[in-house]
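Working notes for the structure below.
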Amino acid sequence: MKIAKSKIVNIYLFLVIFYFFTNFIYQIQVPIIILLGGIFILCMGLGNLRKGISYTDLFLILFPITLTLIFLITFNNVEEAIKYIIVIWILTLSTLILSKEDLKDNGEKIMKFILLLSGIHVLMTLLYAIIPDFVQTINRIILPINSYNNNVYEMQHNNINCGITPIQSINAIYISVFIGCIFSRLMCKKGNKILNILLFVFSIIALFLCSKRGVMIAVFVAMLFVIIYLHIKDKNKKFNIVKTIKKVVPIILIIVLVVFFIEKYFNTATYIFERFFTQEDITTGRADLYVDVWEYIKESPIIGNGILTTQEMLNTYAHNIYLQLFCEAGIIGLIVFLIMNISIFHRVCKLKKVKDEKVILAIFFFVLFLVYGFTGNPLFDYSIIIPYYLSIAVINNKKYINEENTINDREQI
């Protein structure tokens, strides 16, 4: 029996979203991405990729091609590099296929599914601050022993709330997705406004509890970008600074009130301010790390030292995806990656009728990913890279559907 392509798309999206929010439990990353993506590509085929090829599609496919060529030239860290390149190829092809399909079917259900799974992480983070024994009991059941020990250590020694995850960074990303969902609902004026504001407030508190500064800054930058972007896109209004400020100020006031609320009832969340203002090295060692990375960059600035060799050389990630890509893939790889993302930004600017919560969420996370990339490792994290490519697929898809509708309208005339 032949399964409709729309059902295959929906099954793939539900499974890959479920993987994203739960992979920390079973810690099988690369095989699952390859399995899900490989089956999806085989079922869908690559025939539609020839339809409506754009410069963005070409730059998307150029990125894994560049990584592959650099790997074949440098041939370093073979096993890890091959796994990473295969994952990038799988995600790229899946993204291009999704870009050409109609994602309207079950779009509402998918958004609710994301809201539910990300909401669980917000709830468990808040509960960890109130009744830690309860959450730790759950963590003993669902987390591998090393992950559980790291979770408890962070809470007891560093006042860092990882929720039901092993590390603060992935917990902060899960919470940021929930913030993006609620934020997109507020921007679309969808659902109960009071409830959405309350959920937004509690999710911001949860983000503070994670004490992940890089993600927090990226969230606020992404929200500010979306607010200004939507205001500019609104054809019924001419852009002016006063109207933009009126949209930004309420968000700022809510955040200020949240901070006061946190100081009174969630003392552990204020640790993030201590890390900002009391640490001798506010970069937590990143400045020295960047100097080391730059030394390696100078050894091979054109083609780099090889894919995923930074961790091998420094025994850690570079904590900056742009520097790490420069170090591993040289100026060639970095330029291709930047051009790819600039082309997607150009697509964002060309979008019409943006008042769609899944599109706003996609733009929100796309900006968040690129901003967080200045202090984190999202491009090299097999978990966080999933929503990045899904965001690109939604942005690309919205542009493609708009163009298809325009062509159909002209043909009917």
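Residue numbers count from 1 along this sequence.
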> Passes side chain to side chain contact (heavy atoms under 4.5 Å, CB included), Y317 versus L289? Steps please.
Replying inline: CA-CA 9 Å; Y317 290 105; L289 189 62; over 6 Å; no

> Yes or no on side chain to side chain contact (heavy atoms under 4.5 Å, CB included) for H121 and F178, after CA distance, side-chain angles and deciding distance?
Replying inline: CA-CA 9 Å; H121 289 283; F178 184 85; over 6 Å; no

> Restricting to pairs with a member in residues 63-73, which pass side chain to side chain donor-acceptor pair (under 3.5 Å), not counting sequence neighbours?
Replying inline: T68-W89

>> Once you measure the plane-to-plane angle for F369 and Y388, does it fall in the parallel (<30°), tilted (30-60°) or perpendicular (>60°) bin?
In response: parallel

> Which residue pairs satisfy the ring-ring contact (aromatic ring centres under 6.0 Å, His included) criterion with at least one member in residues 61-86, sequence neighbours excluded?
Replying inline: F63-F337, F71-F75, Y84-F380

> Between the main-chain N or O of F20 and the side-chain N or O of Y174, is there a donor-acceptor pair closer than 3.5 Å?
Replying inline: yes

> Residues two or more places apart in sequence or in another chain: which of them pass side chain to side chain donor-acceptor pair (under 3.5 Å) with Y296?
Replying inline: none

>> Using the salt bridge (charged side-chain N to carboxylate O under 4.0 Å, His left out) criterion, which residues pair with E312? Sequence neighbours excluded.
In response: none

> So which pairs with a foot in residues 70-80 pass side chain to side chain donor-acceptor pair (under 3.5 Å), sequence neighbours left out?
Replying inline: E80-K83

> Quick one: do the T310 and E328 side chains pair a donor with an acceptor below 3.5 Å?
Replying inline: yes

> By side-chain contact (heavy atoms from CB on, under 4.5 Å), which residues pair with A329, not counting sequence neighbours?
Replying inline: L67, I70, I307, L325

> Of all residues at least two apart in sequence or in a different chain, which pass the side-chain contact (heavy atoms from CB on, under 4.5 Å) check with T92?
Replying inline: L60, I61, P64, I88, L96, Y389

> Is there any salt bridge (charged side-chain N to carboxylate O under 4.0 Å, His left out) pair reaching into residues 358-369, and which pairs are they, with sequence neighbours excluded?
Replying inline: D356-K358

> Tell me, which pairs form a salt bridge (charged side-chain N to carboxylate O under 4.0 Å, His left out) where one or both residues lie in residues 55-78, sequence neighbours left out?
Replying inline: D57-K100

> Closest heavy-atom contact between Y128 and V152?
Replying inline: OH-CA, 4.3 Å

>> Taking salt bridge (charged side-chain N to carboxylate O under 4.0 Å, His left out) as the definition, give me every residue that meets it alongside E357, ordered by chain and number, with sequence neighbours left out.
In response: R185, K190

> Distance-only, no hydrogens or angles: does the N320 side chain make a donor-acceptor pair with backbone N or O of T375 under 3.5 Å?
Replying inline: no

> Does N196 have any side chain to side chain donor-acceptor pair (under 3.5 Å) partners at least two apart in sequence or in another chain, and if so, which?
Replying inline: none

> What distance do N139 atom CG and N151 atom CG have between them, rounded to the nearest 0.5 Å?
Replying inline: 4.5 Å

>> Is it the case that the ring center of F220 lies less than 6.0 angstrom away from the ring center of F225?
In response: no

> In Å, rounded to the nearest 0.5 Å, how long is the span from OH of Y322 to CG of L379?
Replying inline: 8.5 Å

> In chain order, what residues pass the salt bridge (charged side-chain N to carboxylate O under 4.0 Å, His left out) check against K112, with sequence neighbours excluded?
Replying inline: none

>> Can you tell me if Y55 has over 12 outside heavy atoms packed within less than 6.0 Å of its OH?
In response: yes

